[in-house]
Amino acid sequence: MSKKSIFDDLIEEEIRGLKTFAEKPSKSKSSGKTTKKAADKKASSGKKSKKTLAEEIFNEAKNMMTKSDSKKSAKKTDTKKETSKSKKSKEPVDTGKKLKIIPLGGLQEIGKNMTVFEYDNNIIVVDCGMTFPNDDMLGVDLVIPDITYLKKNIDKVKGIVITHGHEDHIGGIPYILRDLNVPIYCTALAGAIINSKLEEHKNIKKAKIHIKKAGDKFKLGVFDIEMIHINHSIADAVSLCIGTPLGKCIFMGDFKIDTTPIDGRMADLARFGHLGNEGVLMLMSDSTNAERPGMAMSEKKVGKSLEAQFKNCDKRIIIASFSSNVHRIQQILDISNKYGRKVCVSGRSMENIMKIGTELGYLTYPKGLVVDISLMKKYPKDKMTVITTGSQGEPMSALMRMSMGSHKQIHISTEDKILMAASPIPGNEKAVYTLINELVKRGAEVVYDKLAELHVSGHACAEELKMILALTKPKYFMPVHGEYRHLVAHKEHAKAVGIPTDNIFISEIGKILEIGANGAKLGGTVPSGKVLVDGIGVGDVGQTVLRDRQHLSQDGLIIIVTTFDADYGTVMAGPDIITRGINLTKDTEDISDKVKNLAIETIESCLDRNLYDWATIKSELRTNIADFVYKHTKRNPMILPINMKV
């Protein structure tokens, strides 16, 4: 309140005087006698007129005194209006432009994670993963997302943002960069793993990798990116807050809430809560463990279980784990040091992670604890720990080679205790249990997840998912990273915390979710699917090739080789019958000669009818021999006629 002026003081003094005067009893001014009634009437009239005057002056003065307060009040009202206008200005204006969210992988499947965010002429890509081939993808090494849409819009792509360094989030990068060489933004560990992978692919232009850390904020086109620390089964994992002209989108990536993490850094739940209070337009959250109740166990639980296996053990301990789980590797190093064991590493990916983790400071251990595998024989077996790859039964992994007796340095025996510190990935169960059986046959003691708690999930369970939903309070929600049943289970969790059903979107690969100022809806589609990597070929193997491979694997191959005279068109040699994957010699009869005779008859029939066209001769051979073989064997082998001119 402002200081009073001299004028204000004078007014107040005058008002006090007027009020005092108005309240004094009136006296008769007449010198003569008057009746009591007349006197009372006169006094009453005089008092009323004086009080009315006093009140008028008082009210006028009061109005003058409160003038400045009125001005202040008006200023406050104006400020409120301005604040209201400011708030309204922050609300998205309907410009007609839409935010498009397009999953190119990671929906209704495990792995191959890739998501596109598009607004106007700006595109960013989140993650670039791979997955393993199905059983029917014969000869295929791995599967990556189809990026046809990104190649068509390459001028709009501002960069690829990586949430963490697992293969299902970075495994596609060496192949994608051949057509989409854009900047990559990731944390230190993910960047080091990506660099290591790119060194194996010499035909790629030098990638532009920008190293960021949790808490960093940066801009890509119209998108404001913030990295938020989260817990997962690999260090340096982050969630993303993606600021768009229509609002903030939170992309959780793979995560869990570990209250006792190995590195002491719990997920930044406070930041998620703060963003929730500011307003979140869209939440996209990991659904892998949506069907599991409760919360995922802490990584420290594995450490206790591992230590129990080390106590009083008089054997060599071999531990198979995911190479990327540096926190688990750190625990193995600590426990081995505690029990006086030296540590050696087997497997290329494990060796790479040990090197990267040590250089970046994620792995710390005393000098001399880790020894080269070639020096392992210098130490007693009961004083050795081996950390190896192969927990998923991969055909060429170090542990698989040990089980087959083909590992150069390590030969499995009764003096070995093998700890499988990883659960089988869905689809890998058969390979894993085959591996365990082979190890047991060689006399080893094998301890796996069903016998001891040697593995905990890196993915959030139901209560953790609900916690993130409650903290962020999103307007829209899309469950990601999981099969269809996982997405549906996650949808139910979102409904349980109050997200309206109409605001929850279960999408699929290639489908566009459009968000505007007035709502959101699933719209059209973009080209999407699976690109098969076969050796050095990317996308060379299509459905036709896969069908041929399946045909060959199921029914075999019959090759018919015939040599013709180039001038006269007569048969000079053959036809010779070559078979692969099918046996024409039955217990009761040998039909191979009959097949040869049928081929001769078919060729002679064509020549007698003056049919010298090679395509016609091949077609006749194919049809006749296929019918004959099916009649006698109930098999449909691939028939491959080869005609040569001499």
Inset, instruction - Only pairs at least two apart or in different chains count here, so list each ring pair (Phe, Tyr, Trp, His ring centres under 6.0 Å) that has a residue in residues 248-291. - result: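 Qualifying pairs, neighbours excluded: F251-H481.
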
Flag side-chain contact, heavy atom, 4.5 Å: [X] against [Y]:
| X | Y | answer |
| --- | --- | --- |
| L522 | I512 | no |
| L281 | I515 | yes |
| I162 | I173 | yes |
| T115 | I101 | yes |
| S507 | M478 | yes |

Main chain of [Y], side chain of [X]: is a donor-acceptor contact present, judged purely on distance under 3.5 Å?
| X | Y | answer |
| --- | --- | --- |
| Q330 | T364 | yes |
| E464 | A296 | yes |
| K256 | S457 | yes |
| Q392 | A422 | no |
| N113 | D127 | no |
| N153 | Y149 | yes |
| H493 | A290 | yes |
| S298 | T260 | yes |
| S349 | S323 | no |

Check whether more than 12 heavy atoms from other residues, nucleotides or ligands sit under 6.0 Å from atom [atom1] of [X], and answer yes or no.
| X | atom1 | value |
| --- | --- | --- |
| F218 | CZ | yes |
| K301 | NZ | no |
| R401 | CZ | yes |
| K208 | NZ | yes |
| K156 | NZ | yes |

Measure the [atom1]-[atom2] distance between [X] and [Y] for me, rounded to the nearest 0.5 Å.
| X | Y | atom1 | atom2 | result |
| --- | --- | --- | --- | --- |
| D155 | I123 | CG | CD1 | 10.0 Å |
| L465 | T288 | CG | OG1 | 9.0 Å |
| M114 | D146 | CE | CG | 10.0 Å |

Inset, instruction - Report the relative orientation of the aromatic rings in Y185 and H210; use parallel for angles under 30°, tilted for 30 to 60°, perpendicular for over 60°. - result: parallel

Legend entry - salt bridge (Lys or Arg N to Asp or Glu O under 4.0 Å) partners of K408, counting only residues at least two apart: none

Taking the basic N atoms (NZ, or NE/NH1/NH2) and the acidic carboxylate oxygens, is any pair closer than 4.0 Å for [X] and [Y]?
| X | Y | value |
| --- | --- | --- |
| E278 | K248 | yes |
| K355 | E359 | yes |
| E167 | K197 | yes |
| E463 | K466 | yes |

Inset, instruction - With side chain to side chain donor-acceptor pair (under 3.5 Å) as the test, would you mind laying out the steps for E118 and N122 before giving the verdict? - result: CA-CA 6 Å; E118 180 177 358; N122 300 265; over 6 Å; no

Verify the distance criterion only: is there a donor paired with an acceptor across the side chains of [X] and [Y] at less than 3.5 Å?
| X | Y | value |
| --- | --- | --- |
| D268 | H229 | no |
| S397 | T389 | no |
| E199 | N195 | no |
| K473 | N277 | yes |
| Y365 | S336 | no |

Legend entry - Test side chain to side chain donor-acceptor pair (under 3.5 Å) applied to E109 and Y484, step by step: CA-CA 8 Å; E109 64 180 359; Y484 189 77; over 6 Å; no

Legend entry - Results of side-chain contact (heavy atoms from CB on, under 4.5 Å) for I110 - residues two or more places apart only: E483, H486

Legend entry - Ring centroid separation F322 to H166 under 6.0 Å: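 Distance test on ring centres: not under 6.0 Å, no.
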
Please report, to 0.1 Å, the donor-acceptor pairs under 3.5 Å made by any side chain of residues 233-244, with sequence neighbours excluded.
from : atom 1 : to   : atom 2 : distance (Å)
D236 : OD1    : Y362 : OH     : 3.1
D236 : OD2    : A188 : N      : 3.3
D236 : OD2    : L189 : N      : 3.2
D236 : OD2    : Y362 : OH     : 2.2
S239 : OG     : M252 : O      : 2.8
T244 : OG1    : L246 : N      : 3.2
T244 : OG1    : G247 : N      : 3.2
T244 : OG1    : G247 : O      : 2.7

Inset, instruction - Not counting sequence neighbours, which residues clear side-chain hydrogen bond (donor to acceptor under 3.5 Å, both in side chains) with E299? List them please. - result: R328, Q331

Inset, instruction - Can you sort out the partners of K342 under side-chain hydrogen bond (donor to acceptor under 3.5 Å, both in side chains), two or more places apart, ordered by chain and number? - result: none

Legend entry - Passing candidate, side chain to side chain donor-acceptor pair (under 3.5 Å) with D120, options K100, K97, K98: K97

